[in-house]
Amino acid sequence: MNARGTPVVSCRGLTMAYGEHVVLDQVDLDIPRGQVVALLGPNGAGKTTTVEILEGFRRRSGGTVEVLGVDPQSAPEDWRSRVGVVLQSWRDHAYWKVRDLLEVMGGYYAPFSTPEVPRPWDTTELLERVGLAEHAGKRIDRLSGGQRRRLDVAIGLVGRPELLFLDEPTTGLDPAGRRDVHDLLADLADLDTTILLTTHDLAEAEKVADRLLILAGGSLVADGSPDQLRMELSRSSEVRLRDLTTGQVTVHAEPDPTAYLTDVLARRPGEVQVVEVRAASLEDVYLELVRRAESGEDLGPLQSIQEVAR
Ligand SMILES: Nc1ncnc2c1ncn2[C@@H]1O[C@H](COP(=O)(O)OP(=O)(O)OP(=O)(O)O)[C@@H](O)[C@H]1O
């Protein structure tokens with residue numbers, strides 16, 4: 001068992017190359033116990049690769065990795081019982097009933113039960129916990145998208161893992177289903193289970209995670225709470241101006257919007273209208289970081305002036 005304070009995940013110089021293609025380049029990462037971490041990044045950034053290495057499903061090219069104090073590449077069987085993985089929906093089991101599937105899956109964990117961590121989770125209790133008690137007798141193919149995703153999470157939790165990997169938990173769900181899953185993740189906050197989720201959805205990451213990691217160009221280009229990222233990385237405000245002659249709106253990222261507007265309005269009196277001035281959003285920060293990482297630019301503070309015609 002990991003002592004409190006010891007990282008649940010620890011990577012040093014984690015490197016992964018597929019042939020000549022370096023996907024992860026010397027990544028260092030520590031995740032403490034109990035944290036909910038969202039791993040973000042554009043398509044092909046290496047999120048799945050990272051998670052599969054941590055899960056022990058993929059061999060890395062270099063660096064050291066410890067998950068729950070063990071190298072996942074050579075982890076013993078009982079280590080696997082301490083790690084939960086939520087992949088795609090259990091569509092293959094469409095005709096199974098919810099409770100039956102959880103009981104069968106839970107059975108695999110029984111040999112790894114300890115006095116401190118009784119395994120598996122009692123099915124009735126787990127159904128309550130994930131909000132599926134009313135649907136225990138339903139066939140899986142009769143569940144809504146959100147309920148099905150709740151079941152996926154229940155399957156990931158049935159062995160009472162210390163660390164849970166969640167792969168794109170809300171992909172394909174409608175807004176109600178997404179809210180359902182977000183509520184479930186918030187409800188699980190007191191479990192002391194460390195969660196690493198991958199997502200493409202920044203708003204989702206912001207809502208459910210304590211910490212965001214942005215992977216781009218082989219490196220972690222940002223790491224912090226949503227508020228920290230907004231404050232530390234985005235020292236600029238977004239200024240929208242309309243050209244009164246052409247009607248075109250331009251967007252400018254400005255470290256000092258007051259000075260910028262004073263200057264523009266003095267230089268172009270009566271020619272431009274200020275449409276909006278606002279703090280750059282997390283999405284602006286994310287897009288700018290990814291753009292810079294992918295074009296090999298310096299990843300200093302986001303203070304550059306960017307003009308985007310709209
Ligand atoms: N088995 C493999 N052999 C060769 N290249 C691979 C293999 N698996 C992944 N890649 C490549 O490694 C890069 C990272 O892929 P990965 O699936 O980890 O990215 P991702 O961030 O999860 O992407 P997405 O958001 O699209 O799911 C991609 O360029 C992908 O084509």
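When a ligand or atom number is given, it counts from 1 through the structure's own listing order. Since we're looking at a predicted model, the values are computed, not measured.
- Protein heavy atom nearest atom 19 (O) of ligand 1, with residue, atom name and distance: Gly46 N, 3.2 Å.
- The backbone and the side chain of Asn43 each have at least one atom closer than 4.0 Å to an atom of ligand 1 (non-hydrogen atoms only).
- Using 4.0 Å as the threshold, Gly41 has no heavy atom nearer than that to any atom of ligand 1.
- If you check which protein heavy atom lies closest to atom 3 (N) of ligand 1, you get Tyr18 CD2, 3.4 Å.
- A donor-acceptor pair under 3.5 Å links the side-chain atoms of Arg150 to the main chain of Val130, judged by distance alone.
- For the pair Glu162 and Arg33, the salt-bridge criterion is met [side-chain N within less than 4.0 Å of a carboxylate O].
- Between Arg211 and Asp223 there is a salt bridge, since a side-chain N of the basic residue sits under 4.0 Å from a carboxylate O of the acidic one.
- Between Ala45 and ligand 1, at least one N/O pair is under 3.5 Å apart.
- There is a protein heavy atom less than 4.0 angstrom from atom 9 (C) of ligand 1.
- Here Asp30 pairs with Arg12 in a salt bridge; the nearest charged N to carboxylate O distance falls below 4.0 Å.
- What sits closest to atom 29 (O) of ligand 1 on the protein, heavy atoms only, is His21 CE1, 3.1 Å.
- Atom 31 (O) of ligand 1 is never approached by the protein to below 4.0 angstrom, counting heavy atoms only.
- If you check which protein heavy atom lies closest to atom 17 (O) of ligand 1, you get Thr48 CB, 3.6 Å.
- Closest heavy-atom approach to atom 14 (C) of ligand 1 within the set Pro42, Gly218, Gly44: this belongs to Gly44.
- Ion pairing between Glu294 and Arg292 fails under the 4.0 Å rule for side-chain N and carboxylate O.
- The main-chain N or O of Ser225 is found under 3.5 Å from a side-chain atom of Gln228 such that the two form a donor-acceptor pair.
- Here Met16 has no heavy atoms under 4.0 Å from ligand 1, in either its backbone or its side chain.
- Using a 4.0 Å cut-off to heavy atoms of Lys47, the atoms of ligand 1 that qualify are 18 (O), 19 (O), 20 (P), 21 (O), 22 (O), 23 (O), 24 (P), 25 (O).
- Taking a 4.0 Å cut-off on heavy atoms, Glu52 fails to register as neighbouring ligand 1.
- Classification of Asp141 and Arg148 as a salt-bridged pair fails, no side-chain N sitting under 4.0 Å from a carboxylate O.
- The nearest heavy-atom contact from the protein to atom 15 (O) of ligand 1 is Thr49 OG1, 3.9 Å.
- With respect to the salt-bridge test (charged N to carboxylate O, under 4.0 angstrom), the residues Asp183 and Arg179 do not qualify.
- No more than 12 heavy atoms of other residues, nucleotides or ligands shown are found within 6.0 angstrom of CD on Glu77.
- In terms of N/O distances under 3.5 Å, ligand 1 is approached by His200.
- Interface of Arg58 with ligand 1, defined as ligand atoms under 4.0 Å from a residue heavy atom, comprises 1 (N).
- What you find for Glu283 and Leu202 is that their closest heavy atoms are CA-CD2, 3.2 Å.
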